[in-house]
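We're numbering straight along the sequence, starting at 1. Only this structure's heavy atoms are used, side chains among them; waters, hydrogens and symmetry mates stay out.
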Amino acid sequence: MAVIHHTTIKPTKLELLASWLPTRPWYRAGAGEPQLAKAGGFRLDDPEGEVGIEFMVVTDTSGPEPTTYLVPMTYRGAPLDGAEHALVGTMEHGVLGRRWVYDGLHDQVLTTELLALIEGRVQAQAQSTTDTPDLDVTRSYTGEDRISAGSTPATTDNNEGTDLTTSHGATLHVHRVLRPAPDDSPLLPQGATGHVAGAWDLPDGTRAQGLFAVLRTSPQG
């Protein structure tokens, strides 16, 4: 179970992301430096209790229209070997000391738990409250095989988001730019075999709900 510490963090997560987001291929650049506000998110538990796993939702108001991003992150007490390309930055945590912050979709601890969430074997946890399920997060999986079993998924960032391809041939597309789901259309696109969806705050104070990630499996399973 992840324990949420309410303490000081320097630099803050939003400060780290303001420097990191413009380096991503899926970032919708505004006129200047990102102006970020926290809009929601959730957590997953590391079974070993060593790595913090957070799916943060932030809204950037620097452009002509606000843009909302999903940023999965892991927090570690030491550098992750071979993941220099995925390092968001380091911060000083008031309780835990120095923490290395990574783009979590390049961290096997997060990707394993994300796939387990889709399968229904773990539950999303509240972002800021210890041991509290986040009931706004929904998931589904219609397959029979465990997509989380096997080797580490191959991760590819592109202009539309991030794709995780498993050893079984399944592809999980993680939306980095979030868009509210239309009221008059099904949540899942045709051909999808699983999903994760959630809610976030809009700048006008209302709530939106939409897809965070969509799973598709190959004809071979």
Side-chain angles (χ1 to χ4, degrees), residues 1-46 49-80 83-107 109-111 113-114 124-132 134 136-137 157 161-162 174-178 198-208 212:
M1 177 185 68
V3 177
I4 309 302
H5 300 281
H6 298 279
T7 185
T8 58
I9 297 175
K10 296 181 180 180
T12 67
K13 298 173 187 178
L14 293 181
E15 288 170 341
L16 282 180
L17 291 178
S19 299
W20 180 78
L21 279 174
T23 69
R24 302 301 93 193
W26 37 263
Y27 177 67
R28 308 298 194 249
E33 181 177 327
Q35 301 295 317
L36 301 179
K38 181 179 174 182
F42 66 96
R43 289 179 178 266
L44 295 174
D45 287 339
D46 170 18
E50 295 293 329
V51 179
I53 303 174
E54 181 177 16
F55 290 72
M56 180 175 280
V57 178
V58 297
T59 295
D60 178 15
T61 58
S62 65
E65 298 290 337
T67 303
T68 301
Y69 299 95
L70 175 65
V71 188
M73 293 184 288
T74 53
Y75 307 103
R76 289 176 167 269
L80 176 60
E84 294 81 4
H85 65 288
L87 182 67
V88 176
T90 60
M91 62 188 187
E92 295 296 328
H93 189 282
V95 175
L96 301 175
R98 175 156 294 187
R99 304 294 280 173
W100 281 257
V101 183
Y102 289 94
D103 178 355
L105 296 182
H106 294 263
D107 189 327
V109 171
L110 183 145
T111 58
E113 296 309 304
L114 175 57
Q125 299 294 311
Q127 191 173 26
S128 302
T129 307
T130 298
D131 195 25
T132 302
D134 188 333
D136 284 334
V137 177
D157 293 307
T162 302
V174 180
H175 296 282
R176 297 297 202 142
V177 178
L178 298 182
W200 63 92
D201 297 324
L202 296 175
D204 63 5
T206 61
R207 293 275 281 175
F212 289 165

Provide the closest heavy-atom pair for [X] versus [Y] in the form atom of the first, atom of the second, distance.
| X | Y | result |
| --- | --- | --- |
| Ser62 | Pro34 | OG-CA, 3.9 Å |
| Thr111 | Gly104 | CG2-O, 4.0 Å |
| Ala124 | Leu44 | CA-CD2, 3.9 Å |

Could you grab the distance from atom [atom1] of [X] to atom [atom2] of [Y], nearest 0.5 Å is fine?
| X | Y | atom1 | atom2 | result |
| --- | --- | --- | --- | --- |
| Thr67 | Leu36 | OG1 | CG | 10.5 Å |
| Thr162 | Asp157 | OG1 | CG | 4.0 Å |
| Trp200 | Phe42 | CH2 | CZ | 12.0 Å |
| Trp100 | Thr74 | CH2 | OG1 | 13.0 Å |
| Arg76 | Leu87 | CZ | CG | 11.5 Å |
| Leu114 | Leu105 | CG | CG | 7.0 Å |

Is there side-chain contact between [X] and [Y], with at least one heavy-atom pair below 4.5 Å?
| X | Y | result |
| --- | --- | --- |
| Phe55 | Leu70 | yes |
| Thr23 | Leu21 | no |
| Tyr75 | Ile53 | no |

Would [X] and [Y] pass as an ion pair if we require N to O under 4.0 Å?
| X | Y | value |
| --- | --- | --- |
| Arg28 | Asp60 | no |
| Arg99 | Glu92 | no |
| Arg207 | Asp136 | yes |

* With sequence neighbours left out, write down each residue that passes side chain to side chain contact (heavy atoms under 4.5 Å, CB included) with Ser19, or none if nothing qualifies. =>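 Here no residue qualifies.
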
Residue list, side chain to side chain contact (heavy atoms under 4.5 Å, CB included) with Thr206, at least two apart or on another chain: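 Listed in chain order: Leu202, Asp204.
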
For Asp134, salt bridge (Lys or Arg N to Asp or Glu O under 4.0 Å) partners two or more places apart |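 Scan of Asp134 (salt bridge (Lys or Arg N to Asp or Glu O under 4.0 Å), adjacent residues dropped) gives none.
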
Inset, instruction - Check the pair Gln125 / Asp45 against side chain to side chain contact (heavy atoms under 4.5 Å, CB included), numbers first and verdict last. - result: CA-CA 8 Å; Gln125 299 294 311; Asp45 287 339; 4.1 Å; yes

Which residue is it: Val88, Thr90, Leu17? I am looking for the one with a side-chain contact (heavy atoms from CB on, under 4.5 Å) to Val101.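 Exactly one option meets the side-chain contact (heavy atoms from CB on, under 4.5 Å) with Val101, and it is Val88.
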
Full working for side chain to side chain contact (heavy atoms under 4.5 Å, CB included) between Leu16 and Leu14: CA-CA 5 Å; Leu16 282 180; Leu14 293 181; over 6 Å; no

With distance as the sole test, does [X] use its side chain to make a donor-acceptor pair with the main-chain N or O of [Y] at under 3.5 Å?
| X | Y | value |
| --- | --- | --- |
| Arg176 | Val174 | no |
| Thr129 | Ala126 | no |
| Arg43 | Gln127 | yes |
| Tyr102 | Leu80 | yes |
| Glu15 | Thr12 | yes |

Query raised in the report: Taking the inter-plane angle between the rings of His106 and His85 on a 0 to 90° scale, is it parallel (under 30°), tilted (30 to 60°) or perpendicular (over 60°)?
Result: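 Perpendicular, since the angle between the ring planes exceeds 60°.
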
Taking the six-membered ring for Trp, are Tyr69 and Tyr27 closer than 6.0 Å centroid to centroid?
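Centroid distance Tyr69-Tyr27: below 6.0 Å, so yes.
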
